[in-house]
Amino acid sequence: MSTDSHIDVSEIPQEPLLLTEIPGPRSRELHARRQAVVPPGVHSVMPLYIERAHGSILVDVDGNRIVDVCGGIGVTTIGHTDEAVVAAAREQMGRVTHTLFTMTPYESYVEVAELLAKYFPGEGQAKTLLMNSGAEAVENGVKIARKFTGRPGVAVLEHAYHGRTMLTSSMNFKGAPYAAGYGPRAGDIYKAPNSYPLRDGLSGLEAAARTIAYLEKTAGAEDLACLVVEPVQGEGGFIVPADGYLPALAEWCRANGIVFISDEVQAGLARTGTMFAIEQFGVQPDIVLTAKGIAGGMPLAGITGRAEIMDSSQPGGLGGTFGGNPVSCAAAVAVFNQIENDQLLARAKHIEDVFKGALTDLAAKHEAIADVRGLGAMLAIEIVKPGTLDHDAALVQRVIDRAAQQGVLLLSAGAYGNAIRFLPSLQFTDELIALVVRVLDEAFAAEAA
Ligand SMILES: *Cc1c(COP(=O)(O)O)cnc(C)c1O
């Protein structure tokens, strides 16, 4: 078997290189072609066409090397084209690419379910349904909770993001662009106030009391099937709730027979320094949802829950043609192995120490940075108009644009475009962290001048 056609990405130097303006001529050319055949609803925030990638570096079609601090929104957690993941996917690709698990099953699906059961942050034996995307994970989590409880209501939090399907777009805090104009929106969804320490000044218990009072008044606990929460809110701007907030919500859910679902599609699987972010809050969820980072860039999503809850669905009630695809499952097993073998949980903690420390120093220098927050390699800064807590989305965008011109790819977050998020791979070096912080420092200085 010839491997001559394999591109050796391991030779991509882990540092930026700028050969053209960003985006360069070849990217612009492709972008023009795309406009004719791809609708604008599928928006690309940075129309930089990528040709190959490895570790923390993207190489675009003009040969520019870009430092990737987004990871396709937290997908390439263990780095782009990780050798073990690529090898596992290639090997599986050459044997069998599809059978349909709900028809004739295969081992790797079972292996992924075993790994998720091993790391399940809840109580007792866990079982897993595999799907393809984060939104499907949320859809199925809700579906399973409704079946188990026999109740309709779905509680979510302000600033939440859960996807772009018909159900999940109705669960998001932001109506536009996700749900606006696509109605009718799904019913029986209750959006309660969250905990937002920078802005609400509440303790975790006070914020939880407010959330619970809202849900009891609007939905009624006895009508709620589940509460879906992101332990660290992703699109919402990496908001970390105040201490005690999530345990109080979990306790209320338990007392009222409401399924507590931890949406770890963005925070999950090693990124925050624990396998699941919820572990750091002392909460045992009933169901945990994974997607983005679980299979090193291959589409895969997991709905993992207490056996009693997962077993309540009738045969045939759960699944989908591509759910738990063999190639994606092989990649996911390799991701779990890499996390274990390379001590990536410790790497996430190291990145938190170094990166958050440097961002905190930066915040002391630049008045526009009102907050530095997050866990592990899921960090953000919130940007305001100096001396106020007013959002400054325009400044966020200008800083991101300046960084792009220096070969550093950053992404905004927050319901008001008011934060810059950092989702480096767990292979991100201290040198790259220093480079990103220097680029930010220069950008904020130039904007303040
Ligand atoms: C991205 C995301 C989703 C949706 O995942 P898709 O794979 O884009 O469907 C759901 N929940 C959270 C917390 C996310 O960050």
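Quick caveat: nothing in here was measured; it's all calculated off a predicted structure. Both counts, for ligands and for their atoms, begin at 1 and track the order of listing.
The list of ring-ring contact (aromatic ring centres under 6.0 Å, His included) pairs with a residue in residues 279-324, not counting sequence neighbours, reads His98-Phe322.
The side-chain heavy atoms of Val69 and Leu409, taken from C-beta on, include no pair separated by under 4.5 Å. Within the 4.5 Å cutoff, the side chain of Cys226 has heavy atoms near those of the Val142 side chain.
Under 4.0 Å from any atom of ligand 1, one finds heavy atoms of residues Ser133, Gly134, Ala135, Tyr161, His162, Gly163, Glu230, Asp263, Val265, Gln266, Lys292.
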Side-chain donor-acceptor pairs of residues 148-167 under 3.5 Å, sequence neighbours excluded:
unit_1 : atom_1 : unit_2 : atom_2 : d
Thr149 : OG1    : Ala145 : O      : 2.7
Thr149 : OG1    : Arg151 : N      : 3.2
Arg151 : NE     : Glu222 : O      : 3.3
Arg151 : NH1    : Ala221 : O      : 3.3
Arg151 : NH1    : Leu224 : O      : 2.8
Arg151 : NH1    : Asn256 : O      : 3.0
Arg151 : NH1    : Gly257 : O      : 3.4
Arg151 : NH2    : Asn256 : O      : 3.1
Tyr161 : OH     : Arg164 : NE     : 3.2
His162 : ND1    : Asp263 : OD2    : 2.8
Thr165 : OG1    : Glu139 : OE2    : 2.6
Thr165 : OG1    : Thr168 : N      : 3.4
Thr165 : OG1    : Thr168 : OG1    : 2.7

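Every residue two or more places apart in sequence or in another chain that forms a salt bridge (Lys or Arg N to Asp or Glu O under 4.0 Å) with Arg373 is listed here: Asp371, Glu382.
Not one N or O on the side chain of Thr272 forms a donor-acceptor pair closer than 3.5 Å with the backbone of Gly376.
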